[in-house]
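First comes the structure, then the notes that go with it.
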2 protein chains.
Amino acid sequence: MNNGRFPISLHILTLMASYEGEWLSSDLIAGSININPVLVRKEISNLRNHGLIESKEGKNGGATLAKPADKIRLSDVYHAVQQASLLGNSKNRPNPACAVGKQINQHLDKLYQDIEGALLHKLDKMSLADFLRQFG
Amino acid sequence: MNNGRFPISLHILTLMASYEGEWLSSDLIAGSININPVLVRKEISNLRNHGLIESKEGKNGGATLAKPADKIRLSDVYHAVQQASLLGNSKNRPNPACAVGKQINQHLDKLYQDIEGALLHKLDKMSLADFLRQFG
DNA sequence: CATTCTGTAATTGACTTTATTACAGTACAA
DNA sequence: TTGTACTGTAATAAAGTCAATTACAGAATG
């Protein structure tokens, strides 16, 4: 959830939930998000690999939800887009000769996991259907 | 917590907590984190502006905690380094002609706030002293 | 078989982050 | 009172990341 991919993926899924049963083209979706269609297709590819949507090539192709919107949780979306950890996952290479430097990454990672757990707990409680339901 | 500044600031503070009472130079700190001393001084400047540390110019200068380590909470560190929201704060400009696009940023922002609340709750419960105590 | 799509690679451009250089100012200590 | 060891900060450059764009092969449809 570091990145701009979470909102894009959630936007894609929300559109599909709101047009459930229809096959939406990457151009249509890109027009709603206001980004490039190729980016949409990349995210669709990723969401498909995570089993959240299906897609169909060729004329009248597009993508649609792979399961009902109340079976997709926001934590699934998080897992689909997440590469690195939330906070930046210890990319520094601290000095191992220093008592603090030697251990800090390990303790940072533990802290990150703890926080990520709290975050996932929140996201787990909301389905795509719940999210869509908020729209007036 | 989007960025690499949180681990840097926490590393700085952890060093100071572990050498409580001493004035640490930016060169020493930079050597432990393994980054450029100027970056350390920038973070020190920021932490000082947030009342977490004090610094002293001139020979034998450096920086030290402004209060005991058990009075500094990790949520203070988070607030000190945080600029944007956790997840990327709705920078897309979706199509207002689209029913989903028109409202999604508002719902994303609400979701982000909810998650950030959970995160802050976790960080609020851990002090710098607690964090340091984990080091063997 | 022309058309409308997806899938994907490759490249570019914009932006962000970090490193580096440079130097003025401050405090201490001999 | 002068050299030394620091901070503070600006300016620039280098590196890295992210999104847009171009390009095109392949699939499904009518």
Side-chain angles (χ1 to χ4, degrees), chain A residues 1-9 11-12 15-16 19 22-50 53-64 66 81-85 87-95, chain B residues 1-9 11-12 15-16 19 22-50 53-64 66 81-85 87-95:
Chain A
M1 229 143 165
N2 272 326
N3 46 44
R5 288 179 54 208
F6 178 83
I8 290 174
S9 280
H11 194 141
I12 291 172
L15 277 172
M16 290 182 183
Y19 294 93
E22 297 180 40
W23 296 82
L24 306 183
S25 75
S26 60
D27 263 36
L28 181 142
I29 297 168
S32 170
I33 309 181
N34 199 23
I35 61 172
N36 195 283
V38 176
L39 240 197
V40 173
R41 295 205 283 273
K42 274 185 191 158
E43 287 309 318
I44 281 175
S45 166
N46 179 57
L47 292 169
R48 187 183 57 240
N49 291 337
H50 285 82
I53 68 181
E54 290 173 27
S55 66
K56 201 166 68 171
E57 291 186 31
K59 198 170 179 178
N60 302 329
T64 198
V81 301
Q82 187 216 24
Q83 313 126 317
S85 171
L87 312 100
N89 222 356
S90 304
K91 59 176 177 169
N92 293 325
R93 298 270 151 249
N95 187 347
Chain B
M1 231 141 166
N2 272 325
N3 46 46
R5 288 180 53 208
F6 178 82
I8 290 173
S9 280
H11 193 142
I12 291 172
L15 277 171
M16 290 181 184
Y19 294 93
E22 299 180 39
W23 296 81
L24 306 183
S25 75
S26 60
D27 263 35
L28 181 142
I29 297 168
S32 172
I33 309 180
N34 199 23
I35 60 173
N36 196 283
V38 175
L39 241 196
V40 172
R41 296 205 281 273
K42 275 185 190 157
E43 288 308 318
I44 281 174
S45 167
N46 179 57
L47 292 168
R48 188 183 56 239
N49 291 338
H50 284 82
I53 68 181
E54 290 172 27
S55 66
K56 200 167 68 171
E57 291 186 31
K59 198 170 181 178
N60 301 329
T64 198
V81 301
Q82 188 217 23
Q83 311 126 319
S85 171
L87 311 101
N89 223 355
S90 305
K91 60 175 177 170
N92 293 326
R93 298 271 152 246
N95 187 346

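Chain letters run A, B, ... following the sequence lines, proteins first, then strands; residues in each count from 1. Being a predicted model, the structure only gives us computed values, none of them experimental.
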(request) Could you state the atom-to-atom distance from CG of A:Leu39 to C1' of C:dA9 in whole Å? (result) 14 Å
(request) Would you check if B:Thr64 and B:Lys56 make a side-chain contact, meaning some heavy-atom pair closer than 4.5 Å? (result) no
(message) Less than 4.5 Å apart, side chain to side chain, heavy atoms only: is that true for B:Asn92 and A:His11?
(response) no
(request) State, with a plain yes or no, whether a side-chain heavy atom of A:Trp23 is found less than 4.5 Å away from one of A:Glu54. (result) yes
(request) Work out which heavy atom in A:Pro94 is nearest to a heavy atom in B:Asn34; give both atom names and the distance. (result) CA-CB, 4.3 Å
(request) Mind calculating the distance between CZ (B:Arg41) and P (C:dT21) to the nearest angstrom? (result) 13 Å
(request) Would you indicate whether the side-chain heavy atoms of A:Lys42 and A:Asn46 approach each other to under 4.5 Å? (result) no
(request) Please state how far atom CG in A:Leu28 lies from atom C1' in C:dT4, giving the value in whole angstrom units. (result) 14 Å
(request) Compare side-chain N and O positions of B:Ser26 against OP1 and OP2 of D:dT7 and report whether any pair is under 4.0 Å apart. (result) yes
(message) Which heavy atom of B:Ser26 sits nearest to which heavy atom of B:Pro37, and what is that distance?
(response) CB-O, 4.0 Å
(request) Whole angstrom is fine here: how far is it from CD1 in B:Ile53 over to P in D:dG8? (result) 8 Å
(message) Just N and O in the side chain of B:Arg48: are any of them under 4.0 Å from OP1 or OP2 of D:dG8?
(response) yes
(request) Hey, which sits more toward the 5' end of DNA chain D by its nearest nucleotide, A:Ile8 or A:Val38? (result) A:Ile8
(request) Identify the two heavy atoms, one from B:Glu43 and one from B:Ser9, that lie closest to each other, and give their separation to 0.1 Å. (result) OE1-OG, 3.1 Å
(message) At less than 4.0 Å, is any side-chain N or O atom of B:Ser45 found next to OP1 or OP2 of D:dT9? Yes or no.
(response) yes
(request) Look at the side chain of B:Ile35 and decide which nucleotide, out of D:dT9, C:dA19, D:dC6, has an atom nearest to it. (result) C:dA19
(request) Check the distance between D:dG8's C1' and B:Leu47's CG and give it to me in whole angstrom. (result) 15 Å
(message) Checking contacts here: which listed nucleotide (D:dT9, D:dA20, C:dA19) is nearest the side-chain heavy atoms of A:Lys42?
(response) D:dA20
(message) In this structure, how many angstroms lie between the C1' atom of C:dG7 and the CD atom of A:Glu43, rounded?
(response) 14 Å
(request) Can you tell me the distance, in whole Å, between the CD atom of B:Glu22 and the P atom of D:dC6? (result) 14 Å
(request) Can you tell me the distance, in whole Å, between the CG atom of A:Asn46 and the C1' atom of C:dT8? (result) 14 Å
(message) Can you pull out the residues from residues 54-64 of chain B that lie within a 4.0 Å heavy-atom distance of DNA chain D?
(response) B:Ser55, B:Lys56, B:Glu57, B:Gly58, B:Lys59, B:Gly62
